[in-house]
Amino acid sequence: MATVAEIPDPRVRTELWRPLSRAGSRYWIAVTLCAVIVAAGLAAWGYQIAKGLGIAGYRRPVFWAFYEADFVFWIGISHAGTLISAILRLTHAGWRKPVTRAAEAITVFALMIGAILPLIHLGRVWLFYWLIPYPNTRLLWPNFRSPLLWDLTAIFTYLIASSLYLYLPLIPDLAQLATRSRGWQRNLYRLLALKWVGSDRQWHALERAMKLMAAIVLAIAVSVHTVVAWDFAMAIVPMWHSTIFGPYFVVGAIFSGIAALVIVMASLRRFLHLESYLRPLHFDNLGKLLLLMSLLWIYFTVAEHLTIWYGKQPAEYSVFESRIYGDFAPYFWSMVILNFVVPFMLLSIRRLRSIRTVTICAVTVLIGMWIERFLIVVNALSRPRLASAWGAYSPTWVEITITAASFVTMTLLYLLFARLFPVIAVWEYEDVAHG
Amino acid sequence: MLLTAEFLTADSTVQAVSALRAEGFSANDIELFSYRPLELPEGMLERRSHISLAAVLGALVSGTLTTAFIFFTQHNYPLVTGGMPLVSGWATGVVSFELIMAGAVAGVVLAFLREGRLLRRDGAPPPALKDDSAFLRIECPQESVPRVVRCFEVAGAQDIVEETETE
Amino acid sequence: MDQQDTKPHRWGMAIDLDRCTGCEACVAACHAENNLPLSTPDSAAKGRAFHWIRIDRYYEGAFPDIKVKFMPVLCQQCDEAPCEPVCPVYATYHNAEGLNVQVYNRCVGTRYCANNCPYSVRFFNWFEPVWPEPLTLQLNPDVFVRPVGVMEKCTFCSQRIKRAELEAKQESRSLRDGEVQPACVQSCPAEAMVFGDLNDPASRVSRLAQSGRATRFMEDLGTQPKVFYLKRGE
Amino acid sequence: MERRSFFKIIGTASGGMLTGACGNKARQIIPLLVPEREIITGAEEWHPSVCRECGAGCGTIVRVMEAERKTRQGNENVRERIAAIKKIEGNPLDPVSGGRLCARGQAAVQALYHPDRIRGPLKRVGARGEGRFEPVTWDSALEIAASAVKKAVDKDPARIVFLTRPEASNRSAAVASFLRALGAPPASTTGLCDFEIERQAAEVVFGWRGLPVYEIQDADYVLSLGADFLGGWVSPVFYARRFGHMRRGRPGRRGQLTHAESRFSITGSSADRWLPVRPGGELALALAVGYVLVTGNLALANVAAGLRNGFASVDFERAVKISGLPAEQLRQVARDLGRSESPVVMAGASVVQSNSLDAVIAASALNLLLGRIGSKGGVIPPVEASIAEFADSRAHTVNLLRRLESAELVMLDSANPVYAQPASAKLLARAPAIVSFSAFIDDSSAYADLILPDHASLESAAVVVPDVTPDRALTGAQPFVHPLYDTRATEQVLAELSKILGRALKIDTPEDAFRKLFAGNKSDWSDAGEFAKYCNRQGGWWTESSRSAHASPRFELPQLREAEFQGGAAEFPLNFVPYPALQFGDGSGAHLPWLQELPDPASSAMWGLPVEIDPKTASRIGLKNGQMVRMISPSGQIEAPAYVHPAAIPGVVSMAIGQGHTHYGRYASEQGANPLTIAAPLTDPQTGAFAFGATRVRIEKLSQQDRLVQFSAVDREPELHRR
Amino acid sequence: MTQRTDDFEVPLWRLGILLSALSVAGAIAAVQPIEFPHNKHVAKGLDCIDCHITVDTEAAAGLPSVRKCMLCHSKFAKTGPGVQKLLVYSKQRREVPWERVYMFEPEAQVKFQHAAHIWAKVECKTCHGEVEKMTVAQLAVRHTMGRCLTCHRERHATEDCAACHF
């Protein structure tokens, strides 16, 4: 039972709040660089709206490609945040404290990017509002039987839930920060801190709310990625129309989410010098989680591909063959190496599991998972049932720019977030200073 | 009469609270202010909280709203869908689930804001918090003030401030 | 003048593979009738050519006794079309006359329908279609030129059906069998394609649909296509 | 909301000021002319016409609706509502098309509105073959042309070469009378796809003038020998319709088709049995089948003795070896022919070899053996032409290269010798004067000194006697659309030229042609004028006609001989078979975008034709589908993507004619390769037809990457299941 | 002279109309080159179909050519400001550039069939308002999809999207 007597040394609070006060020139260089690349992405999108989707690499039969793979990838990344912080919060795992807010931040930003990508892939994006059920004189309505609209509602709910899930525990921090900052930051913090006074009633309510929110967000997160998986599973495209896509995508989501979390933790640790707060213990636990998810992921992959190989249905088998032996083989095998072989080698031996190796695995897993999404989307589409409609896809600079811009947007948002809000909850951290 | 006392350690605060409870003061007169959540023994200051109830309520409300909305659009909002069914079983299920969850989240957040009185806070202004100390405030009639002061001193309060409620 | 028919039509097609010689007159007729955008060598190489009806070739056996089966594939106007439930804006739906209608102005271009079509008969306007002057004079005013970002497919020449129905209504008589013919059916030299109303048992297409040789393309997918292929050979 | 308005919203929204309906920018209103005749928006009119894309002469009906056209009048942009042609369909009343039309017929409308049509007379500025011209007025153009013709006539009228298409029409009559007026020899064709060999054979075997008509719709066994009648031989729509009827038109009876050709053509793919005969082996095959018929007394009893002995004396073993088919298969074919009730043998030479005339004669003779002349389901004589003058004026093939060597003046009317026989390019370059009436700058008119552009076929009046028609036919069309540009009909230009040269020339309009017909049947029309109006409205005049079906065979059977090929077997191992593609014919359809993007019936290739190679040869030189190959023959070399054709005859490489034009509008220029450039310049001795099949080639693999654009390529499937 | 959609560039002000059309805008008076008085012509006994001749046969109602106007105006009623302008147009053999009053947006791709509505005995004024009382035709009725649909529902006409968009 922590006692108030050992008032933690002021170093903790100063260190956690140091980035909020001043920002070094390196920070501003990074921000401008990211802003430039994001602007390039937006320019590419503008050019695509003006000219039409033809400037991207789309073709018949591959009607979905990079943007849809990015969409699934970013929605996947967003799941780690809530899932990890929600699970850890529900299971009172002590070591989660410094990890939760960073994870929740990943969720919100990844979701924002994931929510924009369906707009980018629309053929006539200036009519996107037709997807929203607004009453109109033309008595027209979106078709709620389409999985795309399940996506819309799911992501809409998930975005709201996870932003609130990030915001609520932020309130106490902001209340304290309001008293210590000046100028526009003070007004911002005071506005966001609502009427927080630190009364035990409020602490108690916050505790109860976060417990419940954790449960709800967990449910939403699982449902969102199942719905995203159903975009593909509902179609009768061979090697899309399979029953395990829901759980397979959820596992993939947690897997890539943890990897993203590890990378973010590692970079925060290095750039914000939070060595004493993000200790090897955290990375060790995350490494174990990553290994677990890698095993789960390879299990699902083998399950899916084995059944198709054994069944040898011509339609499915032609996609399978192009994936294992044919022109998608390099992607498939590099994916398996990046997602399973590397993590398994590096993480299963305790001695090898260090911050560096976990981060390396995280990077390889992220790349591997992006390739997996690309494979699922493009490979199945390039070999439709009728061999006469087969077609090979190759991306153009537009898709590559927009995909790169989506990664850089994530870093840009994170840079701004770390500048404005404390990345580790001060009150949560001190609560278990000696835990 | 409002009495506020500052305590330097968590134990002294807990001692003070248990003493006040022993004196028979009810839980909702006492309020504790601190920068960090203080863990008190069970039942010391139990706060009835309706957040989970609010969550369920929110879910129910949004559930009924969604189904009503769907039936309304299905039956008398004359939609042109070229004769296609407006809604089919499974699709409604997925969409309703999402909106029910949204309702639950809304319920939780609203209950939290209401219970934590984060939007509107009437009554006496809260004491200015200090980094490493906690404040205990109790609202009691004039005559029981000395008993309260005695409890505070026994628990080792730093300074005690008396205020009259400024309604 | 018989009274106007009450039962709605249910348009269907029968293609006799024994007559089809794979001469692709139907492909050219479809381009002439429906303002299909012109492809260029570059866009064709990128897999963006438009052919609402195409002739697939299936080779059986090896040289010298090798045989090839020509298979004209167009939108099958399926009754259980996989492309209809997935469109988020009801841009494609099944109308009372049994046609799988693609409403061009409603389509926002998610292209999910094209993914879900097992026959791969849907085409997307990646760019704004352009015809060098004066080729625009040839554009058929009965058919809208689809803008960029819109999905398009064979419509069983719904403009010809509509024109014939209006004429029949004006003369207050019901449509005769064979009065409405899509461009491909009208142009087929070997008269391999027959179009008509499946609801009318006396129509030629209904009789051919019930003949022993009739099968439907990928019927096992449960799409209930409305194009009947009559088997080749004896 | 439209895409541009979306941008405007973003623009104005960021500008902050969305003003709604104010700032009435002065919109530049383009004046609209009053149309000559009343055109109702949205109403469709159907006018009869005739398709001139190939020699078949199908009767068509053309859909005319309103369209708006922007032109400059004086110095002002003006809009006018004109009647525009939207679609061409077959004329149901016409016995040849029967309401149906092939891909080339449908695409003909694009020739009318083609962006690269010549808009006025042109005079050459660059070197010959460069294709650089400058516009001139009609008067000066006619002056130049007249002076060129006068110079040629003064020098030696016999050395005037007039190349035109092989057609019996009012134009061929005009050309014939123009040349007669000059004292020049009659017009001739380029020698490619004009079926001169079939005409010559019919003359020799049956004594008929014109192409025989095969009644395959009533036949129950058809042996087509070298005649790809479903794929561009003589009259594709006519025979496709009859083939459809033969197959499934008669309840309970299904006609059998056996096709012998040195390539897996469209007819081969629709046949019940395809006989992959060696190139040049058709003669051997015909004689072998005849031998089996005669020796197995399956032939008719009262066959002329000379014929019977001729077939009996055939060296069967050697014939079987030359044809490259198993002997048993030949015997089986002969037995089927003998035993079937109404067999017929269609003799033709889609791919002309050096011995094609003999092959067609021998194959036609089989019909004599089986007594199928004039009987139901057999072969009937061509109907005698409705207007004799048109039929007589048909252009015949004559050895093009020899004629061009001594040519003084070359006049080109819808003929493209440089493309059809590339060897003629050098001769044209040397010709003193060349005048072209082409509507496009194509390979040959790039050499012309002067181009007097003809109307597009849909803009001009035309009366055509179809090549192959069951009854007496005359298909005609009044011009019903105003010419788009400052072009003139060639007949009219010839009339003006002859007027300048002082010789009168009478040109038949459709009206006059139909009046001539009136003499024949006064029965139910009061006067010729009304009869002509009726024919114009119908699109032509067709009557049943009985005809004498006698055949007076006065010929002796050709001897069995192999075809000669240019290029030794060692250095050039593969036979090269270029063939007229269904969608391009002799290459004259290549400038139409619809035909360029039409997936090729053989390989489904678009915008470019591949060379078809059999899988064994391809794997021997390590070639994969789509890679570029170079084909070298004694006369040259070309490069094209390879299509591994599952049904190609091993050792025989075939390629469709149609691509590889140096000039022919934006869609055909510099697109693909012309297989005829490497075809040996051999010609058939009697008819002068270009024997483009008589070449051997060698193949080298070039690049690795896939350069073949196929729309629906299915041949990958077998690879799939190999694993 | 009816459809001039293809040269109808989308200028900013037209967009303004587009947006204001959504709002309840009053009747916008279209500025016509000639102040054509419908009321006077109807008073003279002319009927709608006399000038818009193809309203009962084709999809488009059609506008009279300047030639038809001259049938009467060359003989009588030669005075009046409007007629003078008409004579100018007729001499130049140019059609009168009438300003379109009723038009669906090109993007809506609507194929409105006048003929089908005339056969269904729909009055001209249901969609065009009391034109016989107007001088220059005014936008009296806003043609929105909602209005069409409600009318179709009342008369149990088809609600099939392909009826108008095909």
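The chains referred to below are lettered A, B, ... by the order of the sequence lines, with proteins before strands, and numbering in each begins at 1.
- Side-chain contact check for C/S39 and D/W607: at least one donor-acceptor pair (N or O, by modelled atom type) lies under 3.5 Å.
- No side-chain donor from either of D/Q217 and D/R241 sits under 3.5 Å from a side-chain acceptor of the other.
- Between D/F711 and C/F123, the angle of the ring planes stays under 30°, which puts this pair in the parallel group of the 30/60° scheme.
- Heavy-atom neighbours of chain D within the stretch residues 24-35 of chain C, taken at a separation under 4.5 angstrom, comprise C/E24, C/A25, C/V27, C/A28, C/A29, C/H31, C/A32, C/E33.
- For chain C, the option among D/R69, D/E44, D/R117 with the highest count of heavy-atom pairs below 4.5 Å is D/E44.
- Per-residue heavy-atom pair counts under 4.5 Å with chain C were compared for D/H245, D/M65, D/Q596, D/R248, and the maximum is reached by D/R248.
- Aromatic pair C/W52/C/F50: ring centres not closer than 6.0 Å.
- Comparing D/P599, D/G249, D/G90 by heavy-atom pairs within less than 4.5 Å of chain C, the highest count is held by D/P599.
- With a threshold of 4.5 angstrom between heavy atoms, C/R48 does not approach chain D through any atom at all.
- For D/R273, the CZ atom is loosely surrounded, since the number of other residues' heavy atoms within 6.0 Å does not exceed 12.
- Of the N and O atoms on the side chains of D/N91 and D/S97, not one donor lies less than 3.5 Å from an acceptor on the other residue.
- With a 4.5 Å cut-off on non-hydrogen atoms, D/V109 touches chain C through its side chain but not through its backbone.
- A donor-acceptor pair shorter than 3.5 Å can be found between the side chains of C/Y119 and C/T223.
- In terms of heavy-atom pairs under 4.5 Å with chain D, the best-connected choice from C/T136, C/V73, C/N140, C/D56 is C/N140.
- Interface check for chain D: of the options C/D16, C/L36, C/T40, the most heavy-atom pairs under 4.5 Å are formed by C/T40.
- Counting heavy-atom pairs closer than 4.5 Å to chain D, the top-ranked of the candidates C/N105, C/I55, C/L139, C/L230 is C/L139.
- For chain D, the nearby part of C/V185 is the backbone; its heavy atoms alone come within less than 4.5 Å.
- In terms of heavy-atom pairs under 4.5 Å with chain C, the best-connected choice from D/G608, D/A648, D/P601 is D/P601.
- Counting heavy-atom pairs closer than 4.5 Å to chain C, the top residue among D/S604, D/P615, D/A67, D/A107 is D/S604.
- The contact between D/R666 and chain C is made entirely by side chain atoms (from C-beta outward), counting heavy-atom distances below 4.5 Å.
- The aromatic rings of C/F195 and C/F156 lie perpendicular to each other, with more than 60° between the two planes, well past the 30° mark.
- A salt bridge is absent between C/D18 and C/K231; no separation between the charged side-chain nitrogens and carboxylate oxygens falls under 4.0 Å.
- Neither the backbone nor the side chain of D/Y239 comes within contact range of chain C; no heavy atoms are under 4.5 Å apart.
- Interface remark: D/L112 contributes no atoms to any contact with chain C (heavy atom separation under 4.5 Å).
- Checked against the 6.0 Å centroid criterion, the rings of D/F264 and D/H259 do not qualify as a close aromatic pair.
- More than 12 heavy atoms of other residues, nucleotides or ligands sit less than 6.0 Å from atom CZ of D/R119.
- Heavy-atom distances place no part of D/I88 under 4.5 Å from chain C, backbone and side chain included.
- Contacts of D/L582 with chain C are made by side-chain atoms alone, with heavy-atom separations under 4.5 Å and no backbone atom involved.
- By the 4.0 Å N-to-carboxylate-O rule, C/E167 lies too far from C/K162 to be salt-bridged with it.
- Between D/T267 and D/S270, the side chains place no donor N or O within less than 3.5 Å of an acceptor N or O (distance only, hydrogens not considered).
- Within the 4.5 angstrom heavy-atom criterion, no atom of D/Q583 approaches chain C.
- Ranked by heavy-atom pairs under 4.5 Å with chain D, the list C/A49, C/C188, C/P64 is led by C/C188.
- In summary, C/D142 and D/K87 do not engage in a salt bridge, as defined by a charged side-chain N under 4.0 Å from a carboxylate O.
- The candidate from C/G22, C/A44, C/C20 with the greatest count of non-hydrogen atom pairs under 4.5 Å with chain D is C/A44.
- Most heavy-atom pairs under 4.5 Å with chain D, from the set C/K46, C/E133, C/Q186, C/R232: that is C/Q186.
- Remark: D/E89 engages C/R160 in a salt bridge, criterion side-chain N to carboxylate O under 4.0 Å.
- Note on D/R63, D/M246, D/R104, D/Q110: by heavy-atom pairs under 4.5 Å with chain C, the leading option is D/R63.
- Sorted by first and then second residue, the side chain to side chain donor-acceptor pair (under 3.5 Å) pairs involving residues 61-78 of chain C (not counting sequence neighbours) are C/Q76-C/Y229.
- Proximity to chain C (any heavy atom under 4.5 Å) is restricted, for D/P276, to the side chain, taken from C-beta onward.
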Walk me through whether D/I613 and D/V644 qualify under side chain to side chain contact (heavy atoms under 4.5 Å, CB included). CA-CA 5 Å; D/I613 302 175; D/V644 179; 5.7 Å; no
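- Residue D/D600 touches chain C through its backbone alone, counting heavy-atom pairs closer than 4.5 Å.
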